[in-house]
Amino acid sequence: MEIVLSGIRSTGHLHLGNYFGALRNYIKMQDEYNCYFFIADLHSLTTHPHPDDFHSGVKTILAEYLASGLDPEKSAIFIQSDVPEIVELYVLLNMIAYKGELERTASFKEKVRKNPDNVNAGLLTYPVLMAADILVHRAHKVPVGKDQEQHLEIARLLARRFNNLYGVEVFPEPQAFNFGSDLIKVPGLDGSGKMGKSEGNGIYLYDDEKTIHKKVMKAVTDAGPTAPDSKMPEPVENLFTLLKIVSDKETVDHFTKAYNSCTIRYGDLKKQLAADICKHTLPIRERIDDISNDSDYLAKVVRKGREKARASASATLAEVKRAVGFRSF
Ligand code: AMP
């Protein structure tokens, strides 16, 4: 069975973009692939989170993963720092990753531009750690968005370079993976662009009903269509995109008709949208609370995930170290 791997950084909460854009597909993938899902706590250290927040960040994402439907009986769900083989492979891959190629990655350049006072070596070698995450399980497929394609290219480059340098076939070249239908982009409610953590426009799985209503009611719109069947401006189109994601067909048809006949009332549309978002997220929110309070369950999940991930990672590391020339006395 092909191996699929995906990770998420342990900062903040999951938003609708993460859920509808990624997680919902992961849940389906679990039945068809040998899946590894991990929480990238080491990656989150580039921004120096306060020690008090570090563990709670991991716990939050873990509980939200599980509440969304990732199943520890089907997939390995683990914490990156629980698998020391990742760090070991990271060190070895750093020896064949060149400063120039890392400096040229778009994400590094952007981070340097945004945070010129914290250009640490971990930031430069971020894609190498990502490559280690992927290659340590010899993953075939990595579900990534467009923004991550360059990082995946580096993982392929390092896999190839390692295999060539040592004359081995240890690593397959991981491919970007789009499971099922087309990738959807969940828009933000601030008029343009996608929903995102750093964009500050997220509706989170953990938001309560009141917060969701408030956020949706504040969404940017316009004065309304003035001619029948006119083209929607982007902010209005974004509301309809969200509606198509969370509501049933009749609801979408109803508001589309109202827009096309210029009788639409955005207030009604927003109320319906908020209610339909809640229908998806409130049961998840309840599960997040239950799971967060169940320390025994969380410990069991993490232990099981660690065992499975370490078994796979240590088998790879043994081959890697043999290839490099490590020998025991
Ligand atoms: P991030 O929170 O940006 O690290 O993204 C984690 C996962 O969620 C990635 O697979 C992203 O492609 C996906 N994702 C994040 N934001 C959105 C969005 N607005 N629409 C669709 N997918 C998204």
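Please read these numbers as outputs of a predicted model, since none were measured by experiment. In listed order, ligands and their atoms are each counted from 1.
- Residues passing the side chain to side chain contact (heavy atoms under 4.5 Å, CB included) test with Ser261 are Thr263, sequence neighbours excluded.
- The closest side-chain heavy-atom distance from Ile8 to Leu14 is below 4.5 Å.
- In this structure, Phe78 and Phe38 have parallel ring planes: the angle between them is below the 30° cut-off, well short of the 60° mark.
- Ligand 1 is never approached by Arg9 to a heavy-atom distance shorter than 4.0 Å.
- Listed by number with element, the atoms of ligand 1 under 4.0 angstrom from any heavy atom of Lys194 are 16 (N), 19 (N).
- No donor-acceptor pair under 3.5 Å is formed between the side chain of Lys141 and the backbone N or O of Val4.
- Heavy-atom contacts of Lys185 reach the following atoms of ligand 1: 20 (N), 21 (C) (cutoff under 4.0 Å).
- The heavy atom nearest to atom 22 (N) of ligand 1, considering only Gly17, Pro143, Ser6, is found in Gly17.
- Of the N or O atoms in Ile8, none lie within a sub-3.5 Å distance of an N or O in ligand 1.
- In the vicinity of His15, heavy-atom distances shorter than 4.0 Å reach the ligand 1 atoms 15 (C), 16 (N).
- Listed by number with element, the atoms of ligand 1 under 4.0 angstrom from any heavy atom of Met195 are 16 (N), 17 (C), 18 (C), 19 (N).
- Geometrically, Lys111 engages Tyr126 in a cation-pi contact, judged by NZ or CZ lying under 6.0 Å from the ring centre and within 45° of the ring axis.
- Between His137 and Tyr36, the two ring planes are parallel [angle under 30°; tilted spans 30° to 60°].
- Ligand 1 has an N or O atom lying under 3.5 Å from an N or O atom of Val186, backbone or side chain.
- Considering only residues two or more places apart in sequence or on other chains, Glu307 meets the side chain to side chain contact (heavy atoms under 4.5 Å, CB included) condition with Arg303.
- Close N/O approach between Asn18 and ligand 1 is found [any backbone or side-chain N/O within under 3.5 Å].
- Within the 4.0 Å heavy-atom criterion, neither part of Leu16 lies near ligand 1.
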